[in-house]
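Worksheet for the structure shown next.
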Amino acid sequence: MQDKEKNIPEGNLEGCDCSGESRVNFIQAQIDDDLKAGKNEARVHTRFPPEPNGYLHIGHAKSICLNFGLAEIFKGFCNLRFDDTNPSKEEVEYVESIKEDVRWLGFDWDGREFFASDYFEKLYAYAVQLIKDGKAYVCDLSPEATREYRGTLKEAGRNSPYRERSVAENLDLFARMRAGEFADGSRVLRAKIDMAAGNMNMRDPVIYRILRAHHHRTGDAWCIYPMYDFAHGLSDAIEGITHSICTLEFEDHRPLYDWFIEQLPVPCRPRQIEFARLNLSYTVMSKRKLLKLVNDGLVDGWDDPRLPTLSGLRRRGFSPASIRNFCERIGVAKRNSMVDVALLEHAVREDLNRIASRYMAVLQPLKLIIDNYPEGQVEELDAVNHPEDPAAGSRKIPFARELYVERDDFMEEAPKKFYRLTPGREVRLRYAYYIRCEWVEKDAEGKVTVLHCSYDPQSRGGSSADGRKVKATLHWVAAPTAVNAEVRLYDRLFSEPDPGSEKDGGSFTEKINSGSLVVLKDCKLEPALAEVEAGVSVQFERLGYFIPDNRQRPLSSAGPVFNRTVTLRDDWLKSQSK
RNA sequence: AGGGGUGUCGUCAAGCGGCAAGACACAGGCUUUUGAUGCCUGCAUUCGUAGGUUCGAAUCCUACCGCCCCUGCCA
């Protein structure tokens with residue numbers, strides 16, 4: 001480890017958080033090599049290049065953290081560039097949501113906001129240059145014919161009959177394509193490379209197609225649009241990008257990426273490096289599947305708290321820091337893998353445990369009456385807001401003769417390991433008193449409706465005068481001052497680790513976890529919870545982390561609505577399910 | 001005539017010829033007015049398999065096996 005640190009160039013040590021706990025990933029190692037070789041003036045400039053055709057998800061977060069992180073580590077820059085070369089799928093709504101999500105995650109592109117469409121004119125000029133150099137030609141083959149001529153994975157393709165058109169004719173035809181003289185799909189501009197290449201991407205790839213669609217930025221100025229392979233690398237070059245980080249499926253495109261850069265007089269020679277995209281267990285990540293869930297009404301929009309979209313995670317209560325930490329921990333490599341959601345859950349708990357104030361809320365209320373407590377009396381008890389952070393201060397909570405406690409905290413016939421409330425047993429009400437269950441009221445079906453208890457006035461605050469111990473501490477809410485609320489309990493959207501795999505035949509929508517959303521309407525909150533501001537995570541003691549739903553109208557008379565981000569770890573529950 | 005990748009603990013992931021980091025998960029224990037948090041302990045004699053080179057191999061060589069990606073005028 002000592003030796004390793006010595007190998008890091010002086011200038012990069014500062015600001016590099018490879019000071020011991022985290023190590024360089026393979027991309028950082030490759031960038032180090034490029035820096036040592038003095039490539040691109042020893043600059044590091046990356047970019048995050050989303051196509052504005054959908055919402056960002058946690059897989060994008062991995063890429064965002066990687067690209068912006070690399071720029072920070074190497075003291076370079078990271079651009080935000082929208083890859084908007086296909087107007088038939090892209091919309092402004094998406095560019096806005098993408099910007100909001102990147103900002104929310106905590107990254108700042110500092111004005112370096114670009115669009116591939118900004119370069120349409122330059123890209124067109126590059127294409128003309130290729131034609132002049134005899135490296136591109138206009139092809140009249142239909143889409144079907146093009147496919148047929150391309151050959152198969154095992155057989156070489158055949159040259160297009162239009163491959164040997166003269167430069168003059170190609171120039172004329174390409175200009176007329178732009179001028180709108182030809183129908184959509186009737187002609188394309190193709191790079192002249194090698195129809196026998198083992199790599200399909202090199203079999204004279206299409207670089208411009210005719211497409212009459214309204215573009216969100218250029219309007220109807222163009223009826224021809226560049227393809228990804230042509231536009232992406234050249235946009236990188238135009239922006240002075242040094243390292244173009246993308247996912248594994250583009251590995252096969254790298255020779256083409258390099259080919260365009262080599263053929264044209266570009267200002268910079270970026271290097272494409274691929275890494276494995278993120279797969280998370282118990283969820284789906286593909287845009288197609290997410291879109292289906294949204295369109296089929298299987299979830300409540302793109303920001304449904306069960307979705308791995310950044311807007312969904314935000315609504316669910318995941319903090320930006322927890323997502324960044326998660327992305328840090330999963331690492332970056334080239335092997336396909338599936339990360340356990342438990343790691344994401346761990347990351348939120350870790351962050352929220354640190355920052356969330358504690359409150360008491362009863363989700364499934366069971367009435368509890370303290371028979372020896374003065375009728376009509378209400379007193380204020382002190383409660384700390386955060387047991388590990390004195391600076392968080394304390395608050396008063398009202399206590400009264402009638403309370404609500406959690407249904408799960410009482411069992412008439414308790415198993416040996418259950419040490420919460422049961423007839424005859426004494427437990428502590430957090431920050432309040434020791435109470436003992438004396439008897440229970442039941443309804444006609446035998447369901448317990450009210451717990452009658454006695455309390456020890458000497459135990460005010462939660463500790464007894466004689467020092468006797470009690471095994472359990474329960475959370476509670478005073479009935480007279482309880483705030484009614486709706487609480488939504490979220491769980492993993494799918495019941496299988498890899499719902500996206502189609503190996504078992506079934507559609508992923510059949511694997512939806514029917515218990516992924518449970519809505520509780522008669523929850524009782526301590527008064528202070530009515531004041532929690534939007535976007536602020538809190539802990540309901542002994543239950544989990546919650547956040548006010550961000551779609552609820554502020555003045556709703558129905559009372560607050562909270563979303564459960566994640567439960568607290570629960571060894572008792574765990575031991576029960578075994 | 002195919003091309004490109006990749007195989008290290010249940011899940012991620014370091015490792016780059018000198019004797020298998022770390023995290024999550026899991027299992028125990030201590031502390032605790034949250035069965036939370038925190039703390040401690042355990043958890044790969046072995047690196048897809050088989051050969052070879054070497055004093056020494058997860059690291060080098062050879063062969064085999066598995067898995068992923070590629071035949072959009074999508075990105």
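Each chain gets a letter, A, B and so on, in the order the sequences are listed, and its residues count up from 1.
- There is no side-chain donor-acceptor pair under 3.5 Å between A:Glu541 and A:Gln539.
- Under the 6.0 Å cut-off for aromatic ring centres, A:Tyr455 and A:Phe399 do not qualify, their centroids lying 6.0 Å or more apart.
- With P as the reference atom, B:rC9 and B:rA50 are 16 Å apart, rounded to whole Å.
- Nucleotides B:rA21 and B:rG2 place their C1' atoms 40 Å apart, quoted to the nearest Å.
- When the P atom is used for both B:rC70 and B:rG52, the distance is 39 Å, rounded to whole Å.
- Counting non-hydrogen atoms under 4.0 angstrom, A:Lys154 reaches a base of the nucleic acid.
- In this structure, the NZ atom of A:Lys574 is 12 Å from the C1' atom of B:rC24, given to the nearest Å.
- In this entry the distance linking CG of A:Asp194 with P of B:rG4 reads 14 Å, nearest Å.
- Residue A:Glu345 is classed as having no contact, given no heavy-atom separation below 4.0 Å to the nucleic acid.
- Residues A:Phe540 and A:Phe562 bring their aromatic ring centres within 6.0 Å.
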Per-nucleotide protein contact along nucleotides 69-75 of chain B, 5' to 3', at a 4.0 Å heavy-atom cut-off (B base, S sugar-phosphate only, - neither), is BBBSBSB
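- A:Tyr359 comes within 4.0 angstrom of no nucleic acid atom, judged by non-hydrogen atoms across all strands.
- Nearer to the 5' terminus of RNA chain B, by closest-nucleotide assignment, is the contact made by A:Arg542 (compared with the other of A:Arg542 and A:Glu388).
- The side chain of A:Glu251 lies closest to B:rG4, out of B:rC24, B:rG4, B:rA36.
- Residue order along RNA chain B, read from the 5' end via each residue's closest nucleotide, puts A:Asp340 first among A:Asp340 and A:Arg569.
- Using a 4.0 Å cut-off, some side-chain N or O of A:His346 falls inside it from OP1 or OP2 of B:rC24.
- Nucleotides B:rG18 and B:rC61 are separated by 16 Å at their P atoms, to the nearest Å.
- Cation-pi check for A:Arg158 over A:Tyr149 is met; the charged atom lies under 6.0 angstrom from the ring centroid and within 45 degrees of its normal.
- Using a 3.5 Å distance cut-off with no hydrogens or angles, the side chains of A:Glu93 and A:Tyr55 do pair a donor with an acceptor.
- Evaluation of atom-type donor-acceptor distances gives a pair under 3.5 Å for the side chain of A:Arg335 against the base of B:rU8.
- Anti is the classification of B:rG35, since its glycosidic angle lies more than 90° from 0.
- The separation between A:Arg354 atom CZ and B:rU37 atom P is 16 Å, rounded to whole Å.
- Among the atoms of the strands shown, only primed sugar atoms or phosphate atoms (P, OP1, OP2) are found under 4.0 Å from some heavy atom of A:Ala333.
- By the salt bridge (charged side-chain N to carboxylate O under 4.0 Å, His left out) test, A:Glu181 pairs with A:Arg176, sequence neighbours left out.
- Base contact: A:Lys417 has a heavy atom under 4.0 Å from a base atom.
- Screening A:Glu526, A:Glu406, A:Arg430 against A:His475 for a side-chain hydrogen bond (donor to acceptor under 3.5 Å, both in side chains) leaves a single residue, A:Glu406.
- Salt-bridge formation is detected for the pair A:Glu239/A:Arg81: a Lys NZ or Arg NE/NH1/NH2 atom is positioned less than 4.0 Å from an Asp or Glu carboxylate oxygen.
- Using a 30° and 60° split on the angle between ring planes, A:Tyr124 and A:Trp222 fall in the tilted class, from 30° to 60°.
- Contacts of A:Leu568 with the nucleic acid, taken as non-hydrogen atoms under 4.0 Å apart, include base atoms.
- If you check every strand for non-hydrogen atoms under 4.0 Å, A:Tyr225 touches nothing.
- Residue-level contact check: A:Met360 touches neither bases nor backbone, having no heavy atom under 4.0 Å from any strand.
- A gap of 29 Å separates the P atoms of B:rC12 and B:rA63, to the nearest Å.
- In this structure, A:Glu328 atom CD and B:rC24 atom P are separated by 14 Å, rounded to whole Å.
- The local environment of NZ in A:Lys289 is crowded, with over 12 non-hydrogen atoms from other residues, nucleotides or ligands closer than 6.0 Å.
- Listed candidates were B:rC26, B:rU34, B:rG35. Nearest to the side chain of A:Arg358 is B:rU34.
- Proximity of the aromatic rings of A:Tyr126 and A:Phe260 is defined here by a centroid distance below 6.0 angstrom, and this criterion is not met.
- Taking the C1' atom of each, B:rG38 and B:rA57 are spaced 42 Å apart, rounded to whole Å.
- The interatomic distance linking A:Asp571 (CG) with B:rA27 (P) rounds to 8 Å, in whole Å.
- Following rounding to the nearest Å, A:Phe546 (CZ) and B:rA36 (C1') show an atom-to-atom distance of 13 Å.
- Looking at residues 56-64 of chain A, you'll see that no heavy atom sits under 4.0 Å from any atom of RNA chain B.
- Aromatic ring orientation, A:Phe115 versus A:Phe82: parallel (interplanar angle below 30°, classes split at 30° and 60°).
- Using atom P as the reference point in both B:rG4 and B:rU62, the two lie 16 Å apart (nearest Å).
- Across all strands shown, A:Val332 has heavy atoms under 4.0 Å from sugar-phosphate atoms exclusively, and none from any base.
- With both ends at atom P, the span from B:rG51 to B:rG15 equals 29 Å, rounded to whole Å.
- Taking atom CD on A:Glu350 and atom P on B:rA36, their separation rounds to 17 Å, with Å as the unit.
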